[in-house]
Amino acid sequence: EGAGQDSPWSGQVLEDTFEGDLVNTTQNDAAQEALQGLALGLVMDSAAEGAGQDSRWSGQVLEGTFEGDLVITAQNDASLEALKGLKAVSGSLIIEANANLASLDGLQGLTSVGGTLEIWNNANLVSLEGLGNLTSVGGDLEIDNNENLASLEGLGNLTSVGGKLRLYNNDNLASLE
C-alpha cells in the first residue's frame, strides 16, 4: 500500500512497515500515537519532501559522512546512540516531530552539516548538548517549536552558519547563551 507514491494519512493506526511517503500535516498527540507502531521514520510534513536525495533514518548505525539529506522523524526510540559514529552530513539534517526525544546525545561526533540544520517539533527536547562538536552549518540553522528546550548549550563550538539563524516558538528558552 502506498508504494512509490505519496499517501495522504487519515489517522488510522499503522503498524510494522509502510512503503512510500506518508504525509501528515496535522501535528497532534493522536496522530503521534497512531503512528507509534511503525518501524520507520516517516515524513510528517510535506516540507521535507523534494529536498533532494533525502533518507529517513530508521535506527540503523551510521558512521563517517552521510551523503545527502538525513531526516530523523517520528522515532519511537528516544535515543540517537546509533548515530554516535556520524561525523558529517553532506546535505541537510532535519530532526523533527520526535515526541520522545529529550536530548541529542548520540550526535556528539557530528562536526558539520553541509546544508540546513532544522530542529523542530520535538516536544520533550530539553537540550542541544549532543551537538557540542558541531562547528559548521552550510545553510540555515532553524530551531523551532521545541516547547521544552531550555538552553542552547551545545552550540558553543559552532563557528559558521552559511545562512539564516532562526529561533522561533521555543517557549522555555530563557536565554540565547
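In what follows, every heavy atom counts, from backbone to side chain, and hydrogens, waters and symmetry copies are set aside. Bear in mind the structure is a predicted one, so any value in this text is a computation, not a measurement.
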Please report the C-alpha distance between V89 and D69 in whole Å, then the side-chain angles of each, then the deciding distance to 0.1 Å, and finally whether the side-chain contact (heavy atoms from CB on, under 4.5 Å) criterion is met.
CA-CA 7 Å; V89 175; D69 296 339; 5.9 Å; no
Apply side-chain contact (heavy atoms from CB on, under 4.5 Å) to the pair L110 and L131, showing each step before the final yes or no.
CA-CA 7 Å; L110 187 66; L131 296 174; 4.2 Å; yes
Residue pair L104, L125: steps toward the side-chain contact (heavy atoms from CB on, under 4.5 Å) verdict:
CA-CA 8 Å; L104 298 179; L125 184 65; 4.0 Å; yes
Test log, rule side-chain contact (heavy atoms from CB on, under 4.5 Å), inputs I143 and W120:
CA-CA 6 Å; I143 303 171; W120 58 279; over 6 Å; no
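Residues passing the side chain to side chain donor-acceptor pair (under 3.5 Å) test with S103, sequence neighbours excluded: D105. The side chain to side chain contact (heavy atoms under 4.5 Å, CB included) check on A82 picks up W57, V61, with sequence neighbours excluded. S90 is linked by a side chain to side chain donor-acceptor pair (under 3.5 Å) to E67, counting only residues two or more places apart in sequence or in another chain. Checked against side chain to side chain donor-acceptor pair (under 3.5 Å), D171 has no partners two or more places apart in sequence or in another chain. Remark: N133 engages no residue in a side chain to side chain donor-acceptor pair (under 3.5 Å) (not counting sequence neighbours). Looking at residues two or more places apart in sequence or on another chain, you find a side chain to side chain contact (heavy atoms under 4.5 Å, CB included) between N124 and N148.
Distance alone, capped at 3.5 Å, is enough to place a donor-acceptor pair between the T111 side chain and the K87 backbone. For the pair T65 (side chain) and A88 (backbone), a donor-acceptor distance under 3.5 Å is absent. Of the possible polar contacts, none joining the N122 side chain to the A102 backbone as a donor-acceptor pair under 3.5 Å is found. Although no hydrogens or angles enter the test, the distance criterion places no donor-acceptor pair under 3.5 Å between the side chain of S92 and the main chain of G115. When atom types are taken as modelled, the side chain of E81 and the backbone of S79 share no donor-acceptor pair closer than 3.5 angstrom.
Looking only at atom types and distance, the side chain of D144 has no donor-acceptor partner in the side chain of N169 under 3.5 Å away.
Using a 4.5 Å heavy-atom cutoff, the side chains of L158 and L141 are in contact. Here the side chains of N172 and L149 are not in contact, with every heavy-atom distance at 4.5 Å or above. Looking at heavy atoms from C-beta onward, I94 lies out of side-chain contact with T73 at the 4.5 angstrom threshold.
Nearest heavy atom pair, residue N146 against residue N170, reads N-OD1, 3.0 Å. The shortest heavy-atom contact between N98 and I72 is ND2-O, 3.0 Å. Residues I119 and L128 approach most closely at CD1-CD2, 4.0 Å, considering heavy atoms. Between L93 and V113, the shortest heavy-atom contact is N-CG1, 3.8 Å.
The CG atom of L117 lies 10.0 Å from the CG atom of D140; values are rounded to the nearest 0.5 Å.
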